[in-house]
Amino acid sequence: SLHWLQSNLGIVLQSSHMFGGTVAENIRYGKLDASASEIIEAAKKTGADHFIADMEKGYDTPVGEGGSSLSAGQKQLISFARAILADPKILVMDEATSSVDTVTERYIQQGLDELLKDRISLVIAHRLSTIRNADRILVVEKGAIIEAGSHDELMKHEGRYFKLYTQQSLSEFSLSADSWSEE
């Protein structure tokens, strides 16, 4: 039924929506009757706890209108925590890591395994590190599926996925090396 679908579907989009209120209230939106300990546990699973703990009022910090006091990465981590707290049976992630820096993506990646565990997940991503552990990857080009398989199968095939993954890996390595040389 539509009610079942609505109550069992979680969505994490490219741009996270924040509501007026505190960090805790924005996470609690995933499960309105959640306890403080459930909220903290969800934030820890996604890696959001590391920056929330550094905020002046922690989980009681106001986020500002539309999350104006938070970075894009912080908003995204809160959205992931909200999704974990909701514990949906079906999760849709649409470019959920595209607007975050590589450091924030690492935190998200840590929580992603927990978020995707034991549920049906549809992950739409250009950043291929997000989908590397997927059971089945579909490569879509011009509206058609051109390749399908696991990461390992697609890498062995050395087709379009292989080329994209290799390019992204080299690009990320180059960016990482540049940041080391600046330090």
Side-chain angles (χ1 to χ4, degrees), residues 1-135 137 172 175-176 179:
S1 70
L2 181 58
H3 174 69
W4 182 92
L5 184 60
Q6 289 172 335
S7 59
N8 286 286
L9 181 66
I11 299 175
V12 180
L13 301 173
Q14 178 177 2
S15 57
S16 307
H17 183 74
M18 294 290 116
F19 303 94
T22 66
V23 170
E25 290 167 341
N26 270 277
I27 295 172
R28 182 176 280 121
Y29 189 72
K31 181 182 173 190
L32 297 177
D33 62 345
S35 68
S37 62
E38 288 176 304
I39 291 169
I40 292 168
E41 185 61 29
K44 284 181 179 179
K45 286 180 180 176
T46 61
D49 186 64
H50 82 280
F51 79 83
I52 297 170
D54 290 341
M55 297 177 130
E56 187 177 329
K57 294 182 180 178
Y59 286 85
D60 294 324
T61 303
V63 300
E65 187 174 329
S68 61
S69 67
L70 302 171
S71 71
Q74 290 171 330
K75 290 180 198 177
Q76 207 61 345
L77 287 170
I78 289 172
S79 289
F80 275 97
R82 185 186 301 156
I84 280 183
L85 188 62
D87 195 25
K89 292 186 181 357
I90 304 168
L91 178 67
V92 177
M93 291 177 29
D94 187 3
E95 293 291 352
T97 62
S98 66
S99 63
V100 300
D101 58 79
T102 53
V103 173
T104 303
E105 187 190 10
R106 283 189 201 117
Y107 282 108
I108 290 172
Q109 209 61 43
Q110 292 169 5
L112 210 52
D113 288 339
E114 183 67 31
L115 186 59
L116 300 178
K117 184 178 173 183
D118 298 328
R119 71 186 83 244
I120 297 168
S121 303
L122 174 63
V123 182
I124 302 160
H126 284 92
R127 217 180 250 187
L128 301 180
S129 57
T130 306
I131 60 169
R132 182 179 177 165
N133 295 325
D135 294 329
I137 299 168
E172 288 172 12
L175 287 173
S176 180
S179 67

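These values consider heavy atoms only, across backbone and side chains, with no hydrogens, waters or symmetry-generated copies.
- Judged as a salt bridge (charged side-chain N to carboxylate O under 4.0 Å, His left out), the pairs with a partner in residues 32-42 (not counting sequence neighbours) are, in order, K31-E38.
- Residues M93 and S121 have side chains not in contact (no heavy-atom distance under 4.5 Å, counting atoms from C-beta outward).
- Side chains of I78 and F51 form a contact here, defined as non-hydrogen atoms less than 4.5 Å apart.
- Taking every heavy atom of both residues into account, L116 and L91 meet most closely at CD2-CD2, 3.7 Å.
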Chi angles and distances behind the side chain to side chain contact (heavy atoms under 4.5 Å, CB included) call for N8, I90:
CA-CA 6 Å; N8 286 286; I90 304 168; 5.5 Å; no

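- Atom CG of D135 sits in a sparse spot, with 12 or fewer heavy atoms from other residues, nucleotides or ligands closer than 6.0 Å.
- Across G64 and S69, no two heavy atoms sit closer than the pair N-OG, 4.0 Å.
- Side-chain contact between I124 and D94: present, with at least one pair of heavy atoms (C-beta onward) separated by less than 4.5 Å.
- Here the CD atom belonging to E56 is positioned 7.5 Å from the OG1 atom belonging to T61, to the nearest 0.5 angstrom.
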Would I52 and I27 count as a side chain to side chain contact (heavy atoms under 4.5 Å, CB included) here? Give the steps.
CA-CA 12 Å; I52 297 170; I27 295 172; 4.2 Å; yes

Applying side chain to side chain contact (heavy atoms under 4.5 Å, CB included) to S79 and M18, what does each step give before you reach the verdict?
CA-CA 8 Å; S79 289; M18 294 290 116; 3.7 Å; yes

Run H50 and L77 through side chain to side chain contact (heavy atoms under 4.5 Å, CB included) and show every step you take.
CA-CA 10 Å; H50 82 280; L77 287 170; 4.0 Å; yes

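- In this structure, A83 and P88 approach most closely via the heavy-atom pair O-CD, 3.2 Å.
- With a 4.5 Å cut-off on side-chain heavy atoms, K57 and V23 do not count as touching.
- In this structure, OG in S1 is found 8.5 Å from CD in Q6, a value given to the nearest 0.5 Å.
- The shortest side-chain heavy-atom distance between L70 and M55 falls under the 4.5 Å cut-off.
- N26 and Y59 share no side-chain donor-acceptor pair at under 3.5 Å.
- Looking at residues two or more places apart in sequence or on another chain, you find a side-chain contact (heavy atoms from CB on, under 4.5 Å) between S71 and Q74.
- Nearest approach of T46 to A81, heavy atoms of both residues: CG2-N, 3.4 Å.
- With sequence neighbours left out, Y29 forms a side-chain contact (heavy atoms from CB on, under 4.5 Å) with F19, L32, R82.
- Across all their heavy atoms, A24 and I39 have their closest contact at O-CD1, 3.8 Å.
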